[in-house]
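Here the structure is laid out as structure tokens; the discussion comes afterwards.
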Amino acid sequence: MPVRTLITEEQIGRGVDELARRISADYAGRNLTLIGVLTGSIILVADLMRRISLPHKLGLLQASSYRESATRPGALRINLDLLPDVAGRDVLLVDDILDTGATMARLMDEIRSRGAASVRCAVLLWKQSRTTAPIKPDYHCFDIPDEFVVGYGLDYGDEYRHLPYIGVLEGGREAQSAE
Ligand code: IMP
Ligand code: MG
């Protein structure tokens, strides 16, 4: 399927630089743990942690929706087997995108219930017009319209994650309403 560029590699680079600067300033003197949400966050987490100028730990968890179609979220499935001990830590959850917000809201509750000192979230993209959960990202790089996007970790049917830019899948609309 053709992909139309929405955010270039250079724009992402500048956005992640700025994100890392803000996080480095805000978490100075605190015991930061980044928690990457697999699989979509892997590229962002790898780029972000190399730019954060503070010592910090990295943990991972997995969250996915059973999907009726590749673009429609279904029931949320969470795997916390890889999660390190977060008690007393200042946790920053990192994901590719905040869409409805259901995933992030649930994950933040899970981390809070494990005794983290603080829990915030950072995402590359925010599709604010679709967010229905009572949550907004503490940090985000780009606001995007209600379009299905791929690249920089984001997938369609587990493909397109490798693209170094964010693009709109032409035909994604049709896919979205297909079910
Ligand atoms: P939410 O729970 O609705 O906020 O959905 C978050 C998850 O859905 C993200 O972690 C992504 O994996 C996936 N997702 C939402 N929108 C898109 C998109 O436009 N492209 C690819 N994946 C998406
Ligand atoms: Mg995801």
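One-based numbering, in listed order, for ligands and for the atoms of each. Because the structure is a prediction, the values reported are computed rather than measured.
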For [X], the ligand 1 atoms whose distance to one of its heavy atoms is below 4.0 Å:
X      : answer
Asp95  : 10 (O)
Thr103 : 1 (P), 2 (O), 5 (O), 6 (C)
Glu147 : 19 (O)
Lys127 : 16 (N), 17 (C), 18 (C), 19 (O)
Asp99  : 1 (P), 3 (O), 4 (O), 5 (O), 15 (C), 16 (N)

Quiz item: Between Glu147 and Arg4, is there a salt bridge with N-O shorter than 4.0 Å?
Solution: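 Here Arg4 pairs with Glu147 in a salt bridge, since their nearest N and O are under 4.0 Å apart.
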Exercise. Please determine if Arg114 and Glu110 form a salt bridge, counting it only when a charged side-chain N lies under 4.0 Å from a carboxylate O.
Key: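 A salt bridge links Arg114 with Glu110.
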Contact with ligand 1 for [X], non-hydrogen, under 4.0 angstrom:
X      : value
Val149 : yes
Asp155 : yes
Gly40  : no
Arg130 : no

Exercise. Heavy atoms only: give me the nearest Tyr165-Ile7 pair and the separation to one decimal.
Key: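 The pair with the smallest heavy-atom distance is CB-O, 3.3 Å.
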Quiz prompt | Chi angles and distances behind the side-chain contact (heavy atoms from CB on, under 4.5 Å) call for Asp95, Met104 | solution = CA-CA 8 Å; Asp95 204 357; Met104 194 55 90; 3.7 Å; yes
Exercise. Apply the side-chain contact (heavy atoms from CB on, under 4.5 Å) test between Ile166 and each candidate in Ile97, Leu124, Val3; give the one that qualifies.
Key: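 The passing option is Leu124.
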Practice problem: Pick one of side chain, backbone, both or neither for how Leu154 approaches ligand 1, counting any non-hydrogen atom pair under 4.0 Å. | Solution: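 For Leu154, only side-chain atoms sit under 4.0 Å from ligand 1.
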Quiz item: Between Arg30 and Ser118, do the side chains contain an N or O donor and an N or O acceptor separated by less than 3.5 Å?
Solution: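 Looking only at side-chain atoms, Ser118 and Arg30 do form a donor-acceptor pair, the distance falling under 3.5 Å.
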Self-check item: Ser64 versus Arg77, side-chain donor and acceptor atoms under 3.5 Å
Solution: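 Note: Arg77 and Ser64 side chains meet the donor-acceptor criterion.
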Quiz item: Between His140 and Trp126, what is the ring plane arrangement, given parallel below 30°, perpendicular above 60°, and tilted in between?
Solution: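 The arrangement is perpendicular - the two ring planes meet at more than 60°.
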Quiz item: Between Leu98 and ligand 1, is there a nitrogen or oxygen pair with a distance under 3.5 Å?
Solution: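 No - when backbone and side-chain N and O of Leu98 are compared with those of ligand 1, no distance drops under 3.5 Å.
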